[in-house]
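Just below is one structure, and these are the notes that go with it.
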Amino acid sequence: MSKYLIKCRACGAQQATPKPIPACPACGAGWLDAVYEYGRFQPANGQSDTSWPHTLQKYGISLWRYRDLLPVQNHANIVSMGEGWTPLLHAQNLGLMLGHKHIYIKDERQGPTGSFKDRQAAIAVSAMKEAGITEAVVASTGNVAIAYSAYCARAGIKLWVFVPSSVPVEKMREMALYGSEVIKVAATYDQTKVIATEFATSKNIFLDRGIKGIAAKEGMKTVAFEIAEQLGMVKAGADPSIPNGDQHPWQVPDWFLQSVSGGLGPVGVMKGFSELKQMGLVSKLPKLGLFQPSGCAPMVHSFHKGLAKAEGVDEPMTDIITLATGQPGQAYEVLYELIQQYGGTFASVTDGEAFRALRVVAEMDGISVEPATAVTFAGLFKLIREGVIQPDETVVVNCSGHTFPVEKQIIGEHFTRDMAVTDEEDTSEQRSEGLLTALEELDSRVQRIAIIEDNPDSARLIRRILQAQGDFHIDEAHDGKSGLQLIQQNQPNLVILDLMMPGIDGFSVVEAVKKDKRLSHIPIIVVTAKELSAIERARLNGKIKALLQKGTFMDSDLLNDIRQALP
Ligand SMILES: *Cc1c(COP(=O)(O)O)cnc(C)c1O
Ligand SMILES: [Zn+2]
């Protein structure tokens with residue numbers, strides 16, 4: 001049974017389905033939310049130890065302490081690097097400077113890849129793993145691609161990241177370092193998203209749906225859970241680095257501040273606060289202070305014009321690429337409604353103001369952030385100066401990210417595949433033909449490799465080694481019988497085979513392949529945990545290309561053997 005229902009924002013229809021779905025089955029709309037049975041978490045009369053905050057303590061301190069309200073059914077599918085439970089830091093010096101005592105910094109730089117996108121990646125990649133997905137596509141202005149690359153590496157999922165060519169090269173290097181295919185598109189982010197979608201559709205590869213899908217918002221809502229839990233400690237005069245659980249009442253700040261690109265952060269965070277309110281744990285939702293760089297501020301402009309739907313920006317003019325989303329789409333409508341209901345505002349700051357704020361925050365409170373985060377601090381300064389934020393109000397700043405450059409000599413120069421996109425002015429027919437060919441060429445996998453392995457961890461390891469290397473088409477089977485069928489059907493260029501499997505074992509698979517004239521030319525590499533006896537070695541002698549002992553080979557050993565075995 002699914003622990004949550006999927007609810008369509010457009011028509012309100014609800015479904016129980018354990019797999020990611022691309023759209024509402026009732027009306028076809030794309031924006032979906034997870035809803036849980038919140039009543040279940042309310043303490044039964046007089047029994048406070050059944051309350052949700054009380055039960056969190058058994059799950060330790062990462063965002064997975066909130067797993068009962070996260071969209072992963074089986075805990076074995078959780079892909080984690082200890083993300084979440086980032087510090088809530090009091091901005092003391094900055095506060096003195098601004099004359100404001102209640103500024104708190106939610107330090108999302110301390111995620112595994114240095115930005116709050118780690119939360120999104122952890123939930124989304126765990127959900128992919130649960131759905132059995134082994135290959136995925138994502139479009140990004142940088143940090144999503146880095147976070148997904150890291151988590152997909154751990155989960156054994158091949159990832160194609162599509163990024164606009166304006167993304168800093170250090171960030172692309174980091175994506176490549178994790179073994180992702182980095183497609184650098186000479187276009188805006190909004191066009192890049194369209195191309196990624198076309199690629200995923202034409203190749204029938206799972207496309208991460210970002211803010212419209214379930215996982216992303218569910219990841220971001222954990223920021224709200226943590227803030228409320230930590231602020232409960234702060235307001236009780238306790239140490240917010242210690243998990244609160246049900247020691248002290250949870251608290252909501254007066255303001256939540258963040259710079260926005262697609263708007264996922266505040267949308268997810270407000271969903272989180274709203275769930276806490278539905279469970280009776282808090283009494284209100286915060287006001288939102290949302291900021292964009294003045295060269296790409298479609299939400300700010302639309303808001304101040306009083307529009308309920310956003311007017312886009314065709315050519316973003318900012319050096320802060322993380323925030324260069326020109327077409328906000330539905331996210332703006334949701335944020336607009338939230339601000340109508342709970343208060344708050346949008347404001348823009350110049351790139352120059354952001355860079356100055358970046359230095360101030362580093363110098364005053366020892367916190368070095370990426371420019372996108374500096375936009376939030378510049379926005380904080382602005383709203384305090386203008387009196388929009390009052391001195392007695394509690395403010396939480398999403399300190400969204402700090403990425404660290406990967407050394408040039410490690411990844412070298414030629415790690416992206418470049419895609420030129422012709423101008424819109426060309427006839428659209430020419431354009432889409434060119435695009436189709438370009439998309440076709442991106443995926444030039446000609447070599448087909450079958451992995452036959454019953455141990456899921458070993459299968460994932462081998463798959464990952466191949467994925468990170470690039471261009472292989474990978475098929476998998478998990479026992480000898482279906483493995484043999486796979487070889488017969490697909491006639492792969494190479495088989496990587498385990499020996500110890502239930503039913504037909506690896507020895508028998510080797511013998512069956514070598515006996516069959518249509519298959520006998522296919523090279524086989526055996527990867528085994530078994531110490532082979534002399535008799536067993538003799539059984540394989542002359543029939544296989546290489547024998548690798550599990551736990552003793554490196555990825556380069558396997559790749560060398562593969563290169564030698566392939567025609
Ligand atoms: C993604 C990102 C933002 C903007 O977040 P959205 O909620 O997706 O608009 C801000 N700062 C950093 C560091 C980011 O990575
Ligand atoms: Zn619907």
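Whatever order the structure lists them in is the order used to number ligands and atoms, beginning at 1.
Panel note: side chain Ser259, backbone Phe291; no donor-acceptor pair is recorded below 3.5 Å.
A distance of 6.0 Å or more separates the ring centres of Phe225 and Trp250.
Between Lys117 and Glu370, no side-chain nitrogen of the basic residue sits less than 4.0 Å from a carboxylate oxygen of the acidic one, so the salt-bridge criterion is not met.
Atom 1 (C) of ligand 1 has its closest protein heavy atom at Lys117 NZ, 1.4 Å.
Numbered from 1 in the order shown, with element, the atoms of ligand 1 that lie under 4.0 Å from a heavy atom of Thr322 read 2 (C), 12 (C), 14 (C), 15 (O). Contact atoms of ligand 1 toward Leu264: 6 (P), 7 (O), 8 (O), 9 (O) (distance under 4.0 Å to a heavy atom of the residue). Near Gly401, meaning under 4.0 Å from any of its heavy atoms, are these atoms of ligand 1: 13 (C). Shown in contact with Gly265 at under 4.0 Å from a heavy atom are these atoms of ligand 1, numbered in order with element: 6 (P), 7 (O). Counting the atoms of ligand 1 from 1 in the order shown, those under 4.0 Å from a heavy atom of Ser259 are 4 (C), 5 (O), 10 (C), 11 (N). Every atom of ligand 1 with a heavy atom of Gly262 under 4.0 Å away is listed here by number and element: 8 (O), 9 (O). Every atom of ligand 1 is numbered from 1 in the order shown, and the set under 4.0 Å from a heavy atom of Pro266 is 7 (O).
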Audit row: Asn398, Ser400, side chain to side chain donor-acceptor pair (under 3.5 Å) steps and yes/no | CA-CA 5 Å; Asn398 182 350; Ser400 50; 4.8 Å; no
What's the verdict on side chain to side chain contact (heavy atoms under 4.5 Å, CB included) for Tyr189 and Leu323, showing C-alpha distance, side-chain angles and the deciding distance?
-> CA-CA 10 Å; Tyr189 173 55; Leu323 301 180; over 6 Å; no
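Here's the thing with Ser400: one of its N/O atoms is less than 3.5 angstrom from an N/O atom of ligand 1. Considering backbone and side-chain atoms together, Ala372 places no N or O closer than 3.5 Å to any N or O of ligand 1.
Partner of Glu83 under the side-chain contact (heavy atoms from CB on, under 4.5 Å) criterion, chosen from Ile123, Leu63, Thr222: Leu63. When each of Glu226, Gln251, Met233 is paired with Asn244, the side-chain contact (heavy atoms from CB on, under 4.5 Å) condition holds for Met233 and for no other. Considering Tyr36, Trp52, Tyr59 in turn, Trp52 is the only one that fulfils the ring pair (Phe, Tyr, Trp, His ring centres under 6.0 Å) rule with Tyr66.
Vertex the Zn ion (ligand 2); arms to Cys24 SG and Cys11 SG; angle rounded to 10 degrees, 110°.
A donor-acceptor contact under 3.5 angstrom links the side chains of Thr318 and Asp351, judged on distance only.
Only the side chain of Asn143 comes within 4.0 Å of ligand 1, counting heavy atoms alone; its backbone N, CA, C and O stay farther away.
Ligand 1 is never approached by His402 to a heavy-atom distance shorter than 4.0 Å.
Counting heavy atoms only, Ser261 comes closest to atom 9 (O) of ligand 1 of the residues Ser140, Ser261, Ser115.
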